Amino acid sequence: MSSALALQSTLAVDAPALIALLCALVACGTLGNFLVLRKEAMTGDAVAHAVLPGLVAGFLITGTRSITAMFVGAACAGIASILLANWARRTTRLEPGATLGIVFTGLFAVGVLLLETQGARQVDLDPECVLFGSLETLFYSPTLNGEWYTGVPRALWTLAAAACIALIAIVLFMKELSLLAFDPSSARHLGVAPRWLERLFLALVSASIVASFEAVGSVLVIGIVACPALIAAPHARSVTHQITLSMILGSIIAVLGYALASHAPTLFGTATALNSAGMIALVLAIAVPMSHVAKRFIHRPM
Amino acid sequence: MMAPDAPFEIPFWGANTIMVAIGCAIFGALAGSVGTFVLARRQSLLADVAGHAALPGVALAFLVGEWFGLSGRSPWLLLLGGGISALLAAWSTPWLASKRRLGADGANAVALAGFFGLGSVLFSVVQSHPSGAQGGLRRLLFGNAAAMTSSDAIALGVIAIVALTTLMLAFKELSLLAFDEAAASVLGLRTRVLEWVLLLLLVATVVAGMQVAGVALVVSMLIAPAAAARVLGGSFARTATTAACIGIACALVGAIASRAVTHVPTGSAMTLAATAAFFLSIPAARVLRNSRARVLTERAS
């Protein structure tokens, strides 16, 4: 009886969180490989902050937590932030990091202001949740006589869709995106249409981040965009190899982090719930330098 | 249950408000001038990392303080903790970038995820702490000058004044380092020491800004006034002075707005003021340039 209960609680609590985590990892981590190759790893951080006002505005305008309104608002804010930062950089000739930093903190401040002053705080969208994620609140809660899928948390569907879109886009545009990352000028000569491809890529990145943002929070978004790619980079032989490796290593480490967050308190005999998104981000970040050190010990004939 | 977050029982223009306003203004001056160096050394995103990285130190200091039976709300203890972890991040990120060949962007992202991840784990421990004092920590995320006490303002002011004095005394050496590291070392300056001074100044700004601007938004007060001053132009010393003035104005606007309107976090108000200052500086610079050109042509004719 107790084992059946344990299984049920695992199914209801841990499984949705883990599936959400892995979907977010696929959606952000695959595209994150190209961001890392383009030396734009911090774009993930910027977009994760900048989408907040769009998300809140979508909620405030429609008055419901409708996926489409919030998603459209957030994606608009994400793309607008990148365009605005690029425009400011071109007109002022400041370093890219500075204009990006000003634009995304400005937008984030608008989002926090809207959240604190408007009624959006009554919903579970509060500023802390935005930073630290809400993996703990994803429950599988089927109604008594409904179909099995009615109990699946809403965020899971969004995340699964984002992961599929990211995967399809990568499979379709693998060569073009690699060429754009390594050699933009020859990409133009070969007729890849780099500007349009770049826009498509940024739109995809924004969409993935928006989808993941609500469930995993902005801390973990930064972690899953950059860390898996950086963990895989020292061991990879090709772009495809790097993406595959980053997904495999990233999922193992992320699941490890989740287990650590949920089981460490019981080992120490306290009832404190640790923030799992933060723990996963921490474990992923620690794995990056470790992976670089491990490279020295793994002797591979070239 | 909540921390003494009741600013509205205090008269609006009481002694406390004036102390807090002075503290905010000094912080604004410090953030603007230090930001000029951060911008010149192209370390804007490192400043973002350092700001976020103060969180684990603050949370740990709170927990350690409670463990030893001190008050977890002692401002010096929290500032010390935040300072140590921000310094650790500001030092380790360039090290990761060069020694581990992650590149500046990769190292920034990794350090941000790591430090802020640890911060949120420790923060969740703090939040489940039985003591009622943890309410004071929540406002360090987005800043709340309205809930500051006089002792908070004094701690902030002391740190900011020491940092500002250091900056002014070493201004010439530090600006040489920011622009031409090779020349600085050829001229016999100790570049390693100066680099540490700049790191410490950055950390001091982050720590001083934690309570007013919050760890997530303090970076904006560092880079936006400095960027606006840079756009307006002039010599480096003049840029730093302009940046300090813009910083003071933004800090005061933020502090007053959060005092006057309920629920407005100071950090958000300051950040919005600073962002507006940056975007206004672009047309302002154009107007300045045009009027200067007109004066020159009038003189020539």
Side-chain angles (χ1 to χ4, degrees), chain A residues 35-36 39-45 49 88 91-92 94-95 97-103 105-110 112-113 116-117 127-128 131-133 217 219-220 222-227 229-230 233-234 261 271-275 277-286 288-289 292-293, chain B residues 38-39 42-48 52 96 100-106 108-125 128-129 138 141-142 216-217 219-220 223-224 226-227 230-231 261-265 267-272 274-276 278-279 281-282 285:
Chain A
L35 278 178
V36 166
K39 303 247 163 261
E40 286 175 350
M42 285 299 270
T43 308
D45 171 42
H49 282 88
T91 16
T92 61
L94 289 166
E95 67 156 317
T99 48
L100 199 65
I102 293 170
V103 170
T105 47
L107 283 167
F108 190 63
V110 174
V112 172
L113 197 71
E116 290 277 5
T117 52
E128 273 172 57
L131 286 178
F132 305 141
V219 188
L220 188 49
I222 300 156
I224 56 178
V225 165
C227 292
L230 289 167
T272 313
L274 294 179
N275 178 275
M279 183 63 96
I280 297 160
L282 174 65
V283 173
L284 277 171
I286 291 175
V288 173
H292 281 253
V293 172
Chain B
V38 170
L39 210 61
R42 307 170 75 80
Q43 288 180 329
S44 310
L45 293 178
L46 181 66
D48 186 33
H52 282 81
L96 272 178
R100 293 280 166 252
R101 277 182 279 152
L102 292 179
D105 64 311
N108 279 334
V110 169
L112 187 58
F115 277 93
F116 208 51
L118 180 63
S120 52
V121 171
L122 291 175
F123 200 75
S124 60
V125 177
S128 62
H129 204 272
R138 191 187 174 273
L141 288 177
F142 303 115
L217 291 168
V219 59
S220 152
I223 55 178
R230 223 353 225 278
V231 171
V261 189
T262 331
H263 290 316
V264 171
S268 292
M270 281 190 189
T271 302
L272 284 180
T275 314
F278 171 71
F279 279 104
S281 76
I282 296 172

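The sequence lines fix the lettering, A, B, ..., with proteins before strands; numbering per chain opens at 1. Model, not experiment: these values are computed from the prediction.
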#### Entry: From CG (A:D45) to CG (B:L45), nearest 0.5 Å
7.5 Å
### Query
Who among A:I286, A:V288, A:I224 has the most heavy-atom pairs with chain B under 4.5 Å?
A:V288
### Message
Does any part of the side chain of A:V219, heavy atoms only, come nearer than 4.5 Å to the side chain of B:H52, both counted from C-beta?
### Response
no
### Query
Given A:E116 and B:S268, is the side chain to side chain donor-acceptor pair (under 3.5 Å) satisfied, shown in steps?
CA-CA 10 Å; A:E116 290 277 5; B:S268 292; over 6 Å; no
#### Entry: Atom group of B:R230 that falls short of 4.5 Å from chain A, counting heavy atoms
side chain
### Task
Could you tell me whether the side chain of B:F123 reaches within less than 4.5 Å of the side chain of A:N275, counting heavy atoms only?
no
### Task
Heavy-atom distances under 4.5 Å only: say whether A:L113 touches chain B with side chain, backbone, both or neither.
both
### Query
So what's closer than 4.5 Å to chain B heavy atoms on A:V225: side chain, backbone, both or neither?
neither
### Query
Where do A:P289 and B:L96 come nearest, in terms of heavy atoms and distance?
CB-CD2, 4.2 Å
### Message
If I compare all heavy atoms of B:A113 with all of A:A285, which pair ends up nearest, and what's the gap?
### Response
C-CB, 4.2 Å
### Task
Go through the atoms of A:V110 and report whether side chain, backbone, both or neither lie under 4.5 Å from a heavy atom of chain B.
both
### Query
If you tally heavy-atom pairs under 4.5 Å against chain A, which of B:G106, B:A274, B:A47 wins?
B:G106
#### Entry: Which atoms of B:N108 approach chain A - backbone, side chain, both or neither, heavy atom under 4.5 Å
both
### Task
Measure the shortest side-chain to side-chain distance between B:F279 and A:V103 over non-hydrogen atoms and say whether it is less than 4.5 angstrom.
yes
### Query
Can you tell if the side chain of B:T271 reaches within under 4.5 Å of the side chain of A:V112, non-hydrogen atoms only?
no
### Query
How far apart are the closest heavy atoms of B:A227 and A:L94, and which atoms are they?
CB-CD1, 3.6 Å
### Task
Would you mind checking which part of B:I223 comes under 4.5 Å of any heavy atom in chain A, side chain (CB onward), backbone (N, CA, C, O), both or neither?
both
### Query
Do you know which of B:L46, B:V38, B:L118 has the most heavy-atom pairs with chain A at a distance under 4.5 angstrom?
B:L118
#### Entry: side-chain contact (heavy atoms from CB on, under 4.5 Å) between B:F116 and A:I222, worked out
CA-CA 10 Å; B:F116 208 51; A:I222 300 156; 6.0 Å; no
### Query
Roughly how far, to the nearest 0.5 Å, is the OG atom of B:S120 from the CG atom of A:L220?
9.0 Å
### Most contacts with chain B, counted as non-hydrogen pairs under 4.5 angstrom, among A:G106, A:G223, A:G44
A:G106
### Task
Output yes when a side-chain donor or acceptor of B:D105 lies under 3.5 Å from a complementary backbone atom of A:M42, and no otherwise.
no
### Query
Among B:L112, B:L122, B:V231, B:V219, who wins on heavy-atom pairs under 4.5 Å with chain A?
B:L112
